[in-house]
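Right, one structure below, let's go through it.
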Amino acid sequence: MVALVTEEIRPRELIQQIKVPEAGALVTFDGIVRNHARGRRVRYLEYEAYGSMAEREMEKIRTEALSRWPLTGLLIVHRVGRLEIGESSVFIAVSAAHRGDAFDACRYTIDTLKQTVPIWKKEHYDDGEVWIEGYGA
Amino acid sequence: MVALVTEEIRPRELIQQIKVPEAGALVTFDGIVRNHARGRRVRYLEYEAYGSMAEREMEKIRTEALSRWPLTGLLIVHRVGRLEIGESSVFIAVSAAHRGDAFDACRYTIDTLKQTVPIWKKEHYDDGEVWIEGYGA
Amino acid sequence: MIQIRLFATLKDIAGTDRIELETDRPLPVREVFDQLVQRYPGLARYSTVVQKAVNEEYTDWEREVVSGDEVAFFPPVSGG
Amino acid sequence: MIQIRLFATLKDIAGTDRIELETDRPLPVREVFDQLVQRYPGLARYSTVVQKAVNEEYTDWEREVVSGDEVAFFPPVSGG
């Protein structure tokens with residue numbers, strides 16, 4: 001399952017979906033809003049998405065990961081809107097019979113998401129705000 | 001923090017400890033009791049530990065990981081006693097400013113734990129039970 | 001009518017996130033962007049890094065679009 | 001008195017998890033294990049893979065132990 005949400009991500013409810021009896025390992029990744037970036041103190045973040053395309057791209061990553069590794073489940077949730085320090089912007093959970101596959105697939109998922117899913121973050125500081133642009137900029 | 005526990009592991013309460021404002025990434029690993037192993041159907045598991053030494057070895061892994069990678073937190077909890085299918089036997093959570101460090105340290109922690117921490121599992125099947133022995137056997 | 005969508009910095013530069021473009025022939029995505037730059041000159045500095053999508057799929061400058069297509073332009077993504 | 005602790009399969013073979021051993025001189029861990037094998041011959045098949053710890057630290061066969069030390073023997077670990 002993949003989703004864009006505007007409310008707080010509730011990971012433990014989500015992972016029950018992929019904690020199947022065949023799973024021996026569960027690896028999760030939370031991207032968390034940090035209180036600093038690029039040497040500046042961050043007050044909060046805002047995430048904007050090209051919603052329908054973002055969900056399609058997340059689904060592509062999920063499909064690709066499920067085909068590359070023998071997994072028992074994979075979910076991706078990205079939050080948009082205003083996020084405070086310490087909140088999770090993205091949550092990925094991968095279950096598999098064996099831990100190596102779960103680790104590799106989880107890392108692949110977040111690395112690819114950061115390159116392909118059309119979502120942007122704006123950092124808000126005490127004295128201004130800046131849209132962050134990715135690797136191509 | 002490291003701990004051996006006999007009750008259900010409650011991950012989300014634990015990770016609040018390491019979700020500090022400097023953390024940008026949180027990677028967790030759950031080892032889950034699978035319903036099969038070595039081609040046999042598993043009914044439940046029993047974990048036994050050399051308790052005091054197990055906590056010392058877990059603390060050594062934690063200290064080593066904290067010295068190898070720039071982390072903002074790392075915790076290891078291992079459960080002992082009887083565990084049912086789908087329950088978590090071990091939970092590791094690592095936070096860091098950057099995700100690569102969190103992934104690497106989490107994987108190092110579980111890989112090392114499986115080699116050095118004096119804990120053994122016994123698999124219970126429909127028709128018997130077997131102590132599992134590690135890499136040296 | 002081609003539907004154009006802009007996101008993040010590009011939306012801020014144009015001051016709008018949706019633009020409609022009349023066309024009676026297939027237009028390469030490059031030409032769609034060039035027409036936008038004429039209307040919003042500030043977009044010019046994105047011409048080398050801008051990401052392009054047609055109907056929610058990444059595409060390249062040569063892709064031709066026709067009436068009814070949705071074309072999106074945005075900066076390199078920074079989610080996660 | 002040397003305190004000996006056994007775990008998992010070794011405990012099952014010996015039928016006990018704690019054994020005390022009198023000694024009036026330092027004993028290499030190898031000799032402690034050999035004495036155990038004499039008492040519990042089933043332990044012999046572990047002599048190449050058994051893990052050894054003294055006072056909760058991994059050690060080797062040559063390490064000498066004295067009265068008051070805790071020596072543990074166990075199979076390769078399988079936690080996680």
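Hydrogens, waters and symmetry mates play no part in the numbers below; they use all other heavy atoms, side chains included. Chain letters run A, B, ... following the sequence lines, proteins first, then strands; residues in each count from 1.
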Subject >> Which atoms of C/Tyr46 approach chain A - backbone, side chain, both or neither, heavy atom under 4.5 Å >> reply: side chain

Subject >> Segment of A/Ser89 engaging chain C (4.5 angstrom heavy-atom cut-off) >> reply: side chain

Original post:
Taking 4.0 angstrom as the limit, do A/Arg82 and A/Glu84 come out as a salt bridge?
Top reply: yes

**OP:** Can you measure from CD (A/Gln115) to CD1 (A/Ile110) and round to the nearest 0.5 angstrom?
**Re:** 10.5 Å

**OP:** Could you tell me which portion of C/Asn55 (side chain, backbone, both or neither) has an atom closer than 4.5 angstrom to a non-hydrogen atom of chain A?
**Re:** backbone

**OP:** Can you tell which part of A/Ala49 gets under 4.5 Å to a heavy atom of chain C, answering side chain, backbone, both or neither?
**Re:** backbone

**OP:** With A/Val2 as reference, evaluate A/Lys60, A/His78, A/Met58 under the side chain to side chain contact (heavy atoms under 4.5 Å, CB included) test and give the passing residue.
**Re:** A/Met58

Original post:
Would you say the side-chain atoms of A/Ser52 and C/Glu56 include a donor-acceptor pair closer than 3.5 Å?
Top reply: yes

Original post:
Tell me, side chain or backbone of A/Tyr47 under 4.5 Å from chain C's heavy atoms, or both, or neither?
Top reply: side chain

Original post:
Between A/Glu46 and A/Tyr44, is any side-chain donor less than 3.5 angstrom from a side-chain acceptor?
Top reply: no

**OP:** Heavy-atom distances under 4.5 Å only: say whether A/Glu57 touches chain C with side chain, backbone, both or neither.
**Re:** side chain

Original post:
What about the rings of C/Trp61 and C/Phe33, do their centers lie closer together than 6.0 Å?
Top reply: yes

Original post:
Which one, A/Val117, A/Leu45, A/Leu113, A/Val130, leads in non-hydrogen pairs under 4.5 Å with chain C?
Top reply: A/Val117

